[in-house]
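Throughout, protein chains are lettered first and strands after them, A, B, ... in sequence-line order, and every chain is numbered starting at 1.
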Protein chains: 2
Amino acid sequence: MAVTDEAIRKIKDMILSGDLTPGQRLPPEKELSERLGLSRNSLREAVKALEVIKVLDVRRGDGTYVTSLEPELLLEALSFVVDLHQDHSIIEIFEVRRVLEPYAAGCAATTISDSDIIRLRNMLDSVDASTSVEDLVTHDLEFHRLINRAGGNDYMANLLESLSSSTVRARIWRGVTQEGAVARTLEEHRAIVSAMESRDSEMTRSWASIHVGGIETWIRRAVAGSNEKGDD
Amino acid sequence: MAVTDEAIRKIKDMILSGDLTPGQRLPPEKELSERLGLSRNSLREAVKALEVIKVLDVRRGDGTYVTSLEPELLLEALSFVVDLHQDHSIIEIFEVRRVLEPYAAGCAATTISDSDIIRLRNMLDSVDASTSVEDLVTHDLEFHRLINRAGGNDYMANLLESLSSSTVRARIWRGVTQEGAVARTLEEHRAIVSAMESRDSEMTRSWASIHVGGIETWIRRAVAGSNEKGDD
DNA sequence: GTAACCGAAAGGTCGGATGTTTAGTATCAC
DNA sequence: GTGATACTAAACATCCGACCTTTCGGTTAC
């Protein structure tokens, strides 16, 4: 295509070459547009595109900056995309989770701090079968996030977080609640924490696998069911 | 923030609610901008942003369409982001690959077709230690792509493809070539294919693990080395 | 020393004009 | 009738210039 896409590429190249470093401020739109040889409007389209994928940070009245480019930030954009995936992809996404989460949990079993284990315990104590769906989603998100981060691979943790967007999580917990399976699911959470407390990588991995795998099976059934009803 | 971001959200919502379906054409920019209550310029920024993450497809002289929203398309945008990651993240990214690829390869061992195995064999025969770096990168990309796709999880395959962007792959193979380790690396490729030929999931998985793990180790050394030289 | 003020700079938004490309239609040659 | 060609309307691409709002930092008043 043309000028705007070229501008995107040029800005990316400036970052890759080191002309622009994380945190650095870009020239004003007017100046940059002149330098890159396009109008301010067109440049703004390029900047906007780089902003939504968290490469640039535009501060009104101040200037435009290169973000930290941390995986956390860049992968955040991925959740926007995951939201758009349909039933079919949801299953595949879950299979990815099923492979990665047990691995991360297993790593975490040997590296997690005692204080983090206490935090996990407190989380578990704050929910039960009578907790609202919204709170269960929040709990679930924080629970898995803490474990994933404790695994030591930030990229993997962020990736997993993006893969299980809140809208998907909400849908799942709504289903889990309807099936009255909340207690069992939370029991699995407890088993994971217990295994980590024992610093048992293998058991942690297995419980995490059972936990995510169980939800995956539930989703497969749910999707198959909605397809039968023609709700594809 | 403001009008542009709101427009992005509204368009996303239209897709999520089913008002806009994959392949459908959006109203002309002028009309849509009026309907959403913002200027055409601002709307274009929103459209551009959704275009770079492959949600919209803008065809000049024709119109703007919702893409297929296939994972393949949406994850493609991820490689843009992966390109921007630095040494530190590269290692973490590779650890993700090391977990996922053996799994995918193990699945593929039981599902891959005979003709695909033949294609893999042909690929292997087309390269050796004297092949150029560029061709090795292409070979490597196609080799792993075929196996990952044969694993049956398209989302995972696309994710893996995005995670190992071509620039990263190029960097790796340049290093592998310099170390004279091309023959050994290609030998690992052969071992993976042989295991798949025997329909041996376990062996396939193990060889894939050894293969990716070996490269990961090499990268860790390379990054550590460049850090020592202050080339961070 | 502090707080309020002010102005320059930067991004946010807009409207309109003009260029380019595309799809579709109408027309013409065979 | 069929195929190729020419035309036209629609839609995106790009630009210009204007004006608004926000932010930062220096200045002034107390």
Short side-chain N/O contact from B:Thr64 to OP1 or OP2 of D:dC12, under 4.0 Å
yes

Whole-Å distance, B:Arg59 CZ to D:dC12 C1', equals 13 Å

When the distance from NZ of A:Lys30 to P of C:dA8 is rounded to whole Å, what number comes out?
17 Å

Phosphate contact (D:dC15 OP1 or OP2) by A:Ser42 side-chain N/O below 4.0 Å:
yes

note: A:Asn41, atom CG; C:dG19, atom C1'; distance rounded to Å ~ 15 Å

From the list D:dC15, C:dT22, C:dG11, which nucleotide is the closest neighbour of the side chain of A:Pro28?
C:dG11

Keeping B:Asn158 on the side-chain end and B:Leu75 on the backbone end, is there a donor-acceptor pair under 3.5 Å?
no

Examine the side chains of A:Asp135 and A:His139 and answer whether a donor and an acceptor come within less than 3.5 Å of each other.
no

Could you check how far CG of B:Leu56 sits from P of D:dA13, rounded to whole Å?
12 Å

Between D:dA11, D:dT14, C:dG11, which nucleotide gets closest to the side-chain atoms of A:Ala2?
D:dT14

In this structure, how many angstroms lie between the P atom of C:dC14 and the CZ atom of B:Arg40, rounded?
14 Å

In the structure I gave you, are the side-chain heavy atoms of B:Phe80 and A:Ile53 within less than 4.5 Å of one another anywhere?
yes

Please determine, for the side chain of B:Ser39, which listed nucleotide (C:dA10, C:dC14, D:dT23) has the closest atom?
C:dC14

To the nearest angstrom, the CD-P distance between A:Glu29 and C:dA10 comes to 10 Å

Do any side-chain nitrogens or oxygens of A:Arg44 fall under 4.0 Å of OP1 or OP2 in C:dG12?
yes

Gap between atoms CZ and P, on B:Arg60 and D:dT14 respectively (whole Å)
6 Å

Within this structure, what is the CD-to-P distance between A:Glu6 and D:dC15, rounded to whole angstrom?
11 Å

Do the rings of A:Trp173 and A:His189 sit parallel, tilted or perpendicular, given the 30° and 60° boundaries?
perpendicular

